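Working notes for the structure below.
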Amino acid sequence: MSASVAIRRRRRFVVALNAATLAVAFAAMASLLCADGLTLAEAVIGLGFMLSMPYTVLGFWNAVIGLVLRHGWPETVDAMPGVAELTTAAAPPVPDGQTVLVMTLRNETPAPVFERLARMRESLAAIGVIHRFTFAVLSDSDAPDVIAAEQAEFRAFAASAATDEAAPFYRRRERNTGYKAGNIAEFLDDRGAAFEYFIPLDADSLMSGEVIVRLVGVMQARPTIGILQSLVVGMPSDSGFARVFQFGMRHAMRAFTTGAAWWTADCGSYWGHNAVIRVAPFRAYCRLPELSGRPPLGGTILSHDQVEAAFMRRAGYEVRVVPVETDSYEINPPTLLDFIRRELRWCQGNMQYLRLLTTPGLEPVSLFQLVQAIGMYLAPAAWIAMIAASCIGGVLGDLSLGSVTLGLTLFVAVFGLAIAPKIAGVIDVLLSHRGTARYGGALLFAASVTVELLWSTLIAPVVALSITLFLLGLLFGRTVAWGGQNRDRLDIPWRDAWPPLVPHTLAGIAVATTLWIAAGAGAALWAAPIIIGPTMAVPLTVWSGRRTVGAVMQRRRLCLIPEERDRPAVLAARRADVA
């Protein structure tokens, strides 16, 4: 059987699984809502259910398929391009061509950025391949103090270059046309011909030399691949919020990404950083269009990565995700407010994909991925609409739901589908050799899983409400821009947490009050998971962002990640860190 036939069969299988699951869910919801006719509130609930379920169901099947592949048919995972090369114990190959590591900056604190670049340089030099790599720093900074510090840090970085290393490159633009993607495009137009591959790095990126070389080696061996990405994991953090978030992501993403990589295959995702990209086709085919009209849905595309992946695939090159954890790292947002800000920026960028759905020549899977990216942010808003319709309908007597048993069963089923990637991740750890030992042991892992599940349940409605309010703002021209991000500042003052989260607090109180009036204390208690988070959004944000909370979690080894037990060389303390 040819590879293309096998991939088509996989995709048909996944479509059938999702269609069957959605048909059962929609039939159950229709039976629940239409028992005595359909009121306006029930119609809104039904529509919200239809919009929110496809993304949830796909996540469930990705996780289930990934778990089965990892522990039922592991040879299937081993056969995925790049897996063997990234997991072998053999020495990585010496690259043939030249690769440039491209760091993009905009008003970031420069010292930590260049410290991470120095770590990557040292790691490449340690395996004797630094002569095949060049570092380029592309700045869009416009704050004078940041610019001065940035240039001073670069001079020190360039002065410490090895004798066999190509001279590092620095350029700052006066205007940030096209944001990050535009900056990279200009650099590749000017200097890209000198390189066969480039590796885009965000300001928080860190990769070991061995991983970089192995990824480049896969590209050399497989000239049909245009973009190659392995899993990117969070670095050890002092933030309580980041510790809990990245612990949950760490074990949940393995099975989920394995399942997705199995059927997306040559139409994989690209996350915008820590990937190896073939320069020639990227320059020729992946230039982003400027959307007509004004922001938020017009102008420069904010979420560039998935569009570039779709264009690369349209050009006939593969986009591959290697579902393997490597020494490829990023820094997760340290506070809930910073996490929400990042989500809103991604939300606006993904909504711009609505303007790209008629782009000619896109592969069906690439087109589906754009729709999925839109649905990822419409689903939380649909969920919020369902809650609002339920509360208002209950007060106005506009709900005449059928079987209570069916309703509860449907609720439990949907909740199970939503947390399936996390449950699959837990099972994956339990089935893996020394799985729980990597997270501090079985008891500590169980405690951390409990904390993460409770915490994610509390903050999910907070984030969903933020997305919903932002989507409503988009209708009236609200927009965000690409700027520097907080990556390490903690201890949020109460005065900073209240203004953005007052609507959440009021919404939580309103839902609790409405349910109490309409259906009694029992209903309010049953809905506690979606009430407590928004009502307590401000104290939860302040508390989880305190440095002392992160310190306590570190001492207790709560939400431990493997790199805290066995620290890789690229994360080990350097002399400059110890001094």
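Quick caveat: nothing in here was measured; it's all calculated off a predicted structure.
Taking the six-membered ring for Trp and the full ring otherwise, the centers of Phe311 and Phe282 sit at least 6.0 Å from each other.
With hydrogens and angles ignored, the 3.5 Å screen pairs no side-chain donor or acceptor of Arg314 with any backbone N or O of Gly361. With hydrogens and angles ignored, the 3.5 Å screen pairs a side-chain donor or acceptor of Gln229 with a backbone N or O of His273. Using a distance-only test at 3.5 Å, with no hydrogens or angles considered, a donor-acceptor pair links the side chain of Tyr353 to the main chain of Ser303. For the pair Glu122 (side chain) and Arg119 (backbone), a donor-acceptor distance under 3.5 Å is absent. The backbone N or O of Met249 sits nowhere less than 3.5 Å from a side-chain atom of Lys422 that would complete a donor-acceptor pair. Not one N or O on the side chain of Arg278 forms a donor-acceptor pair closer than 3.5 Å with the backbone of Tyr197.
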Would you check, one step at a time, whether the test side chain to side chain donor-acceptor pair (under 3.5 Å) holds for Asn274 with Ser205? CA-CA 7 Å; Asn274 294 39; Ser205 293; 2.7 Å; yes
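Counting non-hydrogen atoms of neighbouring residues, nucleotides and ligands closer than 6.0 angstrom, the CE atom of Met235 exceeds 12 such neighbours.
Residues Gly298 and Gln352 come closest through the heavy atom pair O-NE2, 3.3 Å.
Residues Glu186 and Arg191 are not paired through a salt bridge, judged by the lack of any N-O separation under 4.0 Å between the basic side chain and the carboxylate. Taking 4.0 Å as the cut-off between side-chain N and carboxylate O, Glu308 and Arg313 do not count as a salt-bridged pair. Under 4.0 Å is where a charged nitrogen must lie from a carboxylate oxygen, and between Glu318 and Arg222 no such pair does.
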